[in-house]
Undergrad: 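The following block contains the structure, expressed as structure tokens.
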Amino acid sequence: MSSLLVLNGPNLNLLGARQPEVYGSVTLADIEDMCVAHAKTLQIELSFHQSNHEGELVDLLHGAKGIHDAVILNAGAYTHTSVALMDAISSVELPVIELHLSNIHAREAFRHKSYIAPVALGQICGFGARGYTLAMDAAVSHLDHGA
Ligand code: CA2
């Protein structure tokens with residue numbers, strides 16, 4: 001049975017509380033529930049985490065090797081700054097799907113740069129919370145068919 005790790009970065013624990021016009025009104029707990037339900041329909045295992053700390057996200061990526069088959073990563077603002085996360089993704093040699101709730105390319109210029117994109121399998125952004133289940137489908141499709 002395939003296993004996916006869903007990793008969420010800084011401030012995503014605040015979802016639903018502020019800026020609903022940008023990020024929607026769902027909470028991260030709602031998103032986790034959606035992902036758990038979707039994992040059941042896909043018949044896969046799922047692990048879901050959030051951290052506000054760059055080093056902890058690096059540790060969680062390192063720990064994924066040999067345990068999970070693919071990673072879905074919403075690195076939050078670290079997307080735009082973190083060489084450490086980029087290097088961690090390269091080192092684990094697992095397929096990583098970069099995910100964002102908002103369309104980062106339609107926002108401020110500093111959000112257009114992603115350190116994750118060059119080492120990711122692909123990027124999903126702009127579909128709100130639904131992006132998480134889209135990313136799960138993409139990960140399973142990649143694992144099953146290499147597509
Ligand atoms: O669109 C996304 O998913 C982001 O990864 C969200 C990050 C942002 O820095 C990225 O550029 C795009 C922000 C995380 C959520 O921040 C919140 C701030 C206030 C209230 C609720 C969430």
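We're numbering straight along the sequence, starting at 1. Atoms within a ligand are numbered from 1 in the order they appear, just like the ligands themselves. Note that the coordinates shown come from a computational prediction; the quantities given were computed from them, not determined experimentally.
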Undergrad: Could you check whether the rings of H80 and F110 sit parallel, tilted or perpendicular, using 30° and 60° as the cut-offs?
TA: perpendicular
Undergrad: Checking side-chain polar atoms at under 3.5 Å, does Y132 have a donor or acceptor matched by the opposite partner on N8?
TA: yes
Undergrad: CD of Q43: more than 12 outside heavy atoms within 6.0 angstrom?
TA: no
Undergrad: Consider only side-chain N and O atoms of H49 and S51, and report whether a donor and an acceptor are under 3.5 Å apart.
TA: no
Undergrad: Consider only side-chain N and O atoms of S90 and D87, and report whether a donor and an acceptor are under 3.5 Å apart.
TA: no
Undergrad: For a 4.5 angstrom cut-off between non-hydrogen side-chain atoms, does L42 reach D137?
TA: yes
Undergrad: For each nitrogen or oxygen atom of ligand 1, which protein N/O atoms lie closer than 3.5 Å, and how far apart are they, rounded to 0.1 Å?
TA:
| unit_1 | atom_1 | unit_2 | atom_2 | d |
| --- | --- | --- | --- | --- |
| ligand 1 | 1 (O) | L101 | N | 3.3 |
| ligand 1 | 1 (O) | S102 | N | 2.9 |
| ligand 1 | 1 (O) | S102 | OG | 2.5 |
| ligand 1 | 3 (O) | N74 | ND2 | 2.9 |
| ligand 1 | 3 (O) | L101 | N | 2.7 |
| ligand 1 | 5 (O) | N74 | OD1 | 2.8 |
| ligand 1 | 5 (O) | H100 | ND1 | 2.9 |
| ligand 1 | 9 (O) | A77 | N | 3.4 |
| ligand 1 | 9 (O) | R111 | NH1 | 2.9 |
| ligand 1 | 11 (O) | H80 | NE2 | 2.7 |
| ligand 1 | 11 (O) | R111 | NH1 | 2.8 |

